[in-house]
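We name chains A, B, ... by the order of the sequence lines, and we start the count at 1 in each one.
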Protein chains: 2
Amino acid sequence: MTAAPSPLSPADRPRPGLRERKKIKTREAIRSATYALVGEQGYDATTIEQIAERAEVSPSTVFRYFPTKEDIVLTDEYDPLMVRELRSRPAGEPWMDSLRYVMDKSIDAMARENPEVLRMRAHLGVQVPAVRSRMVESMSETGRLLRGALAERAGLDPDALEVRVYAMSLVGGMMEVYMAWAENDFEGDLRDLVHRALDVLEHGLPTGNP
Amino acid sequence: MTAAPSPLSPADRPRPGLRERKKIKTREAIRSATYALVGEQGYDATTIEQIAERAEVSPSTVFRYFPTKEDIVLTDEYDPLMVRELRSRPAGEPWMDSLRYVMDKSIDAMARENPEVLRMRAHLGVQVPAVRSRMVESMSETGRLLRGALAERAGLDPDALEVRVYAMSLVGGMMEVYMAWAENDFEGDLRDLVHRALDVLEHGLPTGNP
DNA sequence: CCATGAAATGACAGTAACTATCAAAACAAG
DNA sequence: CTTGTTTTGATAGTTACTGTCATTTCATGG
């Protein structure tokens with residue numbers, strides 16, 4: 001139980017403090033060491049020990065910051081942001097439009113801040129089963145959060161089977177877009193692909209049965 | 001590439017032979033030892049060593065038969081059967097009807113042959129992340145196979161983004177039904193739930209935007 | 001029935017991701 | 001600078017999984 005972040009005022013945190021600053025630095029060191037090593041040697045060939053060494057911390061510390069190796073590569077803070085953004089959309093807006101907007105915005109943010117991570121992750125997702133797994137799991141959690149917003153809009157119970165299925169099929173679809181993007185060597189704009197995917201989820205297959 | 005199983009004639013295999021029979025027995029022994037132990041102690045508390053001991057084989061042998069612990073619990077032969085069944089449906093039949101039919105038939109078969117396994121798997125899927133992971137992976141493979149049949153029917157390229165997304169959203173939806181079933185203590189007929197899920201995938205949410 | 005080759009098994013050693021524990025070091029606050 | 005708290009590192013252990021090689025078990029032809 002953390003102390004209720006409150007609506008996240010930008011300047012009300014009591015100042016970073018040396019301790020906090022160091023933690024952030026360590027986190028970053030571990031992450032970038034990992035990205036570097038994985039880029040050089042591949043995911044499986046990179047051990048926690050190597051990561052610890054390059055980040056200049058002990059292996060224990062690595063595990064203290066990240067529960068699993070996959071998390072080092074995948075963890076970020078975009079998901080809760082996405083849900084918040086979604087909830088703040090006008091209630092009258094068609095559901096799919098909201099989704100499109102939020103997806104665009106998230107991808108934009110990610111692509112602006114660290115585009116190479118966006119790609120490396122997709123690439124690892126395609127190649128390393130454990131990473132793909134963790135990615136699905138993470139997207140499923142987002143899907144669970146989405147259910148709340150979704151049920152609200154549709155006037156349904158968030159735990160109703162229909163809502164669950166809808167949210168999860170969305171997750172499956174989004175995951176596939178991401179993987180397909182990587183498999184086709186990142187050809188095309190990811191946002192365009194996402195739009196095409198959402199069209200499919202909304203209207204079914206183009207030439208399919210009506 | 002296996003040697004084309006041919007339409008699976010029932011009596012054309014050259015006779016089991018002692019060796020083959022023993023292999024099947026060992027496989028079964030490992031599987032049922034695992035189910036028993038997992039039932040008694042839970043999944044995580046059950047080690048390969050214990051499984052080997054109860055199945056009266058060496059740990060090495062366990063790994064020779066199953067690549068991972070999760071596979072012991074999840075492996076079966078229903079998936080290819082499902083795809084074959086799907087392909088043999090009349091070409092004119094609406095896609096969703098085919099799917100409904102095939103899902104019904106698969107679930108029936110599974111529920112008839114070993115209903116407790118059907119439930120234990122779902123239960124483990126809910127509780128053990130590694131099992132859920134492997135399950136998603138397995139369903140995704142089925143989804144990949146489905147793409148072939150699906151694209152054929154819709155007159156599309158199996159590798160087209162739209163087809164991929166559609167197949168994968170289906171997988172996500174089906175996975176969620178299975179998990180929801182277990183979470184609600186297996187209330188209701190699984191086939192009915194699947195039908196409701198397919199309705200959602202076909203028509204969207206009941207009260208949602210049109 | 002037996003000899004020969006092939007497949008399956010078991011024993012052994014090793015790797016790497018985690019977990020648990022506890023003492024030492026780094027910071028915070030008075 | 002002292003005292004209390006948080007963070008770190010060292011160490012030992014567990015377990016899934018891999019690789020290797022000698023031994024055992026089945027298949028087959030004579």
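No side-chain donor from either of B:Ser32 and B:Arg54 sits under 3.5 Å from a side-chain acceptor of the other. In summary, the side chains of A:Tyr166 and B:Glu176 do not present any donor paired with an acceptor at a separation below 3.5 Å, with no hydrogens or angles considered.
In this structure, CD of B:Glu53 is placed 13 Å from P of C:dG10, rounded to the nearest angstrom. D:dT18 atom C1' lies 18 Å from atom NZ of B:Lys69, rounded to whole Å. Distance B:Ile51 CD1 to D:dA16 P: 8 Å, rounded to the nearest Å. A straight line from CD1 of A:Ile30 to P of C:dC18 spans 14 Å, rounded to a whole angstrom. Taking atom CD of residue B:Gln50 and atom C1' of nucleotide D:dT15, one finds them 11 Å apart after rounding to whole Å. In this structure, B:Phe63 places its CZ atom 15 Å from C1' of C:dC12, rounding to the nearest Å. The CZ atom of B:Arg19 sits 9 Å away from the P atom of C:dT9 (whole-angstrom rounding). With rounding to whole Å, A:Ile48 atom CD1 is found 18 Å from D:dT11 atom C1'.
Contact detail for B:Ile51 and B:Ala33: the closest heavy-atom pair is O-CB, 4.0 Å.
A:Arg147 contributes a side-chain N or O that, together with a main-chain N or O of A:Pro158, makes up a donor-acceptor pair within less than 3.5 Å.
Looking at the side chain of B:Lys22, the nearest of the listed nucleotides D:dC26, D:dT8, C:dG10 is D:dC26. Comparing C:dT21, C:dA16, D:dA16 by their nearest atom to the side chain of A:Arg64 picks out C:dT21. Distances were taken from every side-chain heavy atom of B:Ser60 (C-beta onward) to each of D:dG9, D:dT25, C:dG10; the shortest belongs to C:dG10.
Backbone-only engagement by A:Thr47 is indicated by non-hydrogen atom pairs under 4.0 Å involving sugar-phosphate atoms exclusively. The residue A:Pro67 sits close only to the backbone: its heavy atoms come under 4.0 Å of sugar-phosphate atoms, none of a base. Using a 4.0 Å heavy-atom distance criterion, A:Tyr65 is classed as a sugar-phosphate-only contact.
Where B:Lys23 and A:Tyr43 each meet DNA chain C at their nearest nucleotide, the meeting point lying more 5' is that of B:Lys23. Each of B:Leu18 and B:Thr68 has a nearest nucleotide on DNA chain D; the 5'-most of these lies closest to B:Thr68.
Taking the ring axis of A:Phe186 as reference, the NZ or CZ atom of A:Arg119 stays within 45° of it and closer than 6.0 Å to the ring centre.
At D:dT8, none of the side-chain N or O atoms of A:Ser58 fall inside 4.0 Å of OP1 or OP2 (strictly under the cut-off).
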